[in-house]
Amino acid sequence: MSENRPREQQTQQPRQPQQHSDRPRDAVTHGVEADGAAAVRLREVSLEYGGFRALNAVSLDIPLGATTAIMGPSGCGKTSLLRCAAGLVTPDTGTVGVLGAQLERAPEREITRLRSEMGFVFQHGALWQNMTILRNLLLPLETHHPELSSSAQQRLVEAEAHRFGVTSLLPLRPAQVSGGGQKLIAYLRATMLQPRLLFLDEPTSFLDGRATELLKNDLKRRIAAGCTVVMVTHESNAAALIADRLVVMDNGSVLASGPISEVTRSSNVRVREILEKVLSETAVYDQDILTLLDADELASEPE
Amino acid sequence: MTALLNRLGARSRAEFASALYAVGFFIEVCRQLALFAFARKPALRVLTMQILFTGVEALGVIAVLSMSLGAVVIVQGLSLLPQFGQASLTYTILIVVITRELGPILTAFIVAARSGTAIATELGTMVVNREIEAFIATGINPISFLVVPRVIGVTVSVVLLNIYFNVFGLAGSFLVSRLTGGVNLAEYTRELSAVLQLGDLVGAAIKSLIFGALIALISSYHGLLVEQSSTEIPQQAIRAVSRCFVLLIVVNAALTALYYL
C-alpha cells in the first residue's frame with residue numbers, strides 16, 4: 001500500500017516542536033507571529049457577504065507543522081477565515097499566503113500544484129452528488145496522478161476505504177449515505193493525496209463515537225508525520241486532544257492566537273467569556289481545557 | 001433627486017460589474033475550451049454524460065415534434081398552394097421551414113427547455129452545496145471540468161439533433177404525402193433534392209452550432225451566479241431559460257438576415 005502512495009510521508013515537513021510550555025504569558029497575540037515559517041499567512045484580510053462583514057482586517061499566521069483550532073461563537077467568521085486561508089474565496093482586501101505562495105499572484109499551474117498538497121473537509125461534506133462515493137474518492141487521484149493506472153488508483157481508494165470501514169459505501173451515491181458517512185468520506189477525499197496542509201470545518205460533527213475515534217486517530221497519525229492542520233471546531237475536546245494552538249474569534253476579528261495553554265490564560269475578558277461559553281455548550285465534557293481555565297481562575301483570584 | 005441619481009449610479013455600477021463578470025466568464029470558457037484537447041478522463045466522462053442527457057434522451061420528443069411539424073407543413077402546402085397554381089413550391093417551403101428555419105430553432109428551444117434548466121439547476125445546486133468549492137479545493141478548475149464539457153456536449157447534441165429533426169420532419173411529410181397524394185419515395189426524394197441546396201444544410205448546421213453554444217453558456221453562467229441560498233436556484237434557472245429563448249430568436253433573425261444578404 002505504502003509503495004503505491006502518490007506522495008510519500010517523508011516529503012512532508014517534520015513537525016515543529018511544541019513550544020507553548022515555556023513561552024511567556026504575553027506570547028498570546030492577535031494572530032501575527034514574530035518569526036517562524038508559516039503554512040498560512042493572512043494579512044489585513046477583509047470579507048463581506050452582501051453587506052455583512054464576515055472578516056474584519058484579519059492578520060494571522062498558522063505555523064508550519066502546528067495543529068490550530070479556530071473557536072468562537074456562531075457567525076463570528078470561523079468558516080470564512082478557513083475558506084479564505086484555503087484560497088476558496090478571494091478576500092475583498094488583504095493578502096493570503098499558503099505554503100510560501102501568494103495566492104493572488106501565483107500562476108494557475110502553481111495553484112494546482114499547491115492544491116495537491118492541501119486538503120479541505122467541508123462542514124457538510126460537500127461530496128459530489130452526481131458521482132458515486134468511489135468516483136468522489138478517485139477524482140483527486142485521477143486529477144493529480146494521471147500517471148497511475150486506473151487499477152492502481154482504485155486499489156488505493158479501496159485500501160483507504162477499508163481502513164475506515166466504508167468499503168460497502170463505495171458503489172453508493174452520497175445521497176444514499178448518512179451524514180456521518182458522508183463526513184467520513186469527505187475526510188477520506190481530502191486526505192487521498194496525503195496533504196501537507198489540512199483544513200477541517202467542524203471535522204467531528206455528524207460523526208458517531210467510533211467514526212470520531214477513527215478520524216482523530218488518523219489525524220494524530222498525520223500530525224505526527226508533520227501535517228499542518230487548521231480546524232474550525234465547537235468541540236473543546238477536539239481542540240484539546242488534537243490541537244496545540246488556539247485562535248479565538250469574535251465579530252470577524254481574531255481576539256487571541258497562540259499555544260492553547262497560553263490562550264486559555266489570556267487576560268482578555270472576551271476571550272475567556274468565549275472559551276467558557278464554548279466549553280459550556282459543547283456536548284462532550286472536556287477535562288483538559290476546563291482544568292486549564294479553572295486553574296487560571298483560581299490563580300487570578302485575590303488572596 | 002440626489003437619491004435618484006445615487007440609485008441610478010449604483011445600478012449602473014452593478015450592471016457594469018455584472019457585464020464585466022459575464023465577459024470574464026466567456027473569456028475563461030474560451031480559454032479552457034482551447035485546452036480541452038488535453039482534457040483528462042474525468043472531463044471526457046462529463047462530456048459523454050452531457051451528450052447522453054442532451055442528445056440521446058431528447059430523441060423521442062424531437063421525433064414526435066418533427067414528424068408532426070413535417071406532416072402539418074405538407075398538409076398545408078398540398079391543400080393551399082395548388083389553389084394558386086404553385087404546387088411545385090411545396091418542397092421549397094418544406095426545406096425552408098423544416099431545414100432552414102424551424103429545425104434549428106425548435107431543436108434549440110427543446111434543448112434550452114430540457115437541458116438549459118437542468119444545467120442551471122444542477123450548477124446552482126452544486127454552488128449551494130459547496131460542491132464547486134470542493135472542486136476548487138481539489139485543484140480542479142470548475143470551468144474546465146463542469147462548463148466546457150457541457151458547452152461541447154450541448155453544441156454537439158444540438159447539431160446532431162437538428163439533423164435528426166430534419167430526417168424525421170421530412171419523413172413525416174413523406175408519410176402524409178404518401179397517404180394523401182400517393183407520392184412514392186423516389187418521386188419525393190427527387191423533388192426534395194431538386195430544391196435542397198448545400199447552403200441550406202450549411203446554414204442550418206451553423207445555426208445549430210451557435211444555438212447549442214449559446215444555450216450551454218447562458219445556462220452555465222446563470223447556474224454559477226447562484227451564491228448561497230437554494231431559493232436562488234429556480235430564479236436563475238428561469239432567467240437562464242428566458243434569456244436563452246430571447247437570444248435564440250434574436251440570433252436566429254440575425255443569421256437568417258445574413259443568409260439573404
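All values below were derived from every heavy atom in this structure, side-chain atoms included, with hydrogens, water molecules and symmetry-related copies excluded. Lettering follows sequence order; numbering is per chain, from 1.
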What part of A/Tyr49 is in contact with chain B, defined as an atom under 4.5 angstrom from a non-hydrogen atom: side chain, backbone, both or neither?
side chain
Here the pair of heavy atoms bringing A/Thr79 nearest to B/Arg130 is CG2-NH1, 4.2 Å
Exercise answer: donor-acceptor pairs, residues 128-136 of chain A side-chain atoms, under 3.5 Å, sequence neighbours excluded:
from	atom 1	to	atom 2	distance (Å)
A/Trp128	NE1	B/Glu131	O	3.1
A/Gln129	NE2	A/Leu127	O	3.4
A/Asn130	ND2	B/Glu122	OE2	3.1
A/Thr132	OG1	A/Arg135	N	3.2
A/Arg135	NH2	A/Glu142	OE1	2.6
A/Arg135	NH2	A/Glu142	OE2	2.9
A/Asn136	OD1	A/Trp128	N	2.8
A/Asn136	OD1	A/Arg189	NH1	3.3
A/Asn136	ND2	A/Trp128	O	3.0
A/Asn136	ND2	A/Thr132	O	3.0

Does B/Arg243 have more than 12 heavy atoms from other residues, nucleotides or ligands lying within 6.0 Å of its CZ?
no
Using side-chain contact (heavy atoms from CB on, under 4.5 Å), reason through A/Phe122 and B/Asn129 one step at a time and then give a plain yes or no.
CA-CA 10 Å; A/Phe122 292 83; B/Asn129 290 343; over 6 Å; no
Highest number of heavy-atom pairs under 4.5 Å with chain B: which of A/Leu114, A/Thr143, A/Leu138?
A/Thr143
Cut-off 3.5 Å, no hydrogens considered: what does the side-chain donor-acceptor table look like for residues 12-25 of chain B, sequence neighbours left out?
from	atom 1	to	atom 2	distance (Å)
B/Ser12	OG	B/Leu8	O	2.7
B/Glu15	OE2	B/Arg11	NE	3.4

Does atom CG of A/Asp218 have more than 12 heavy-atom neighbours, drawn from other residues, nucleotides or ligands, at distances under 6.0 Å?
yes
Bottom line for A/Arg113: the part with an atom under 4.5 Å from chain B's heavy atoms is neither
Which atom pair, heavy atoms only, marks the closest approach of A/Arg115 to B/Thr138?
CB-C, 4.1 Å
Where is the tightest heavy-atom contact between A/Ala126 and B/Ala134, given as atom of each residue plus distance?
O-CB, 3.6 Å
Measuring heavy-atom distances to chain B, does A/Pro146 have an atom under 4.5 Å in its side chain, in its backbone, in both, or in neither?
side chain
Give the interface residues of residues 205-221 of chain B toward chain A, defined by a heavy-atom separation under 4.5 Å.
none
Going by atom type alone, with no hydrogens or angles, which donor-acceptor pairs under 3.5 Å involve a side-chain atom of residues 139-148 of chain B and a protein atom two or more places apart or on another chain?
from	atom 1	to	atom 2	distance (Å)
B/Asn141	OD1	B/Ile143	N	2.8
B/Asn141	OD1	B/Ser144	N	3.4
B/Asn141	ND2	B/Glu28	OE2	3.4

Is it the case that more than 12 heavy atoms not belonging to B/Glu227 sit under 6.0 Å from its CD atom?
no
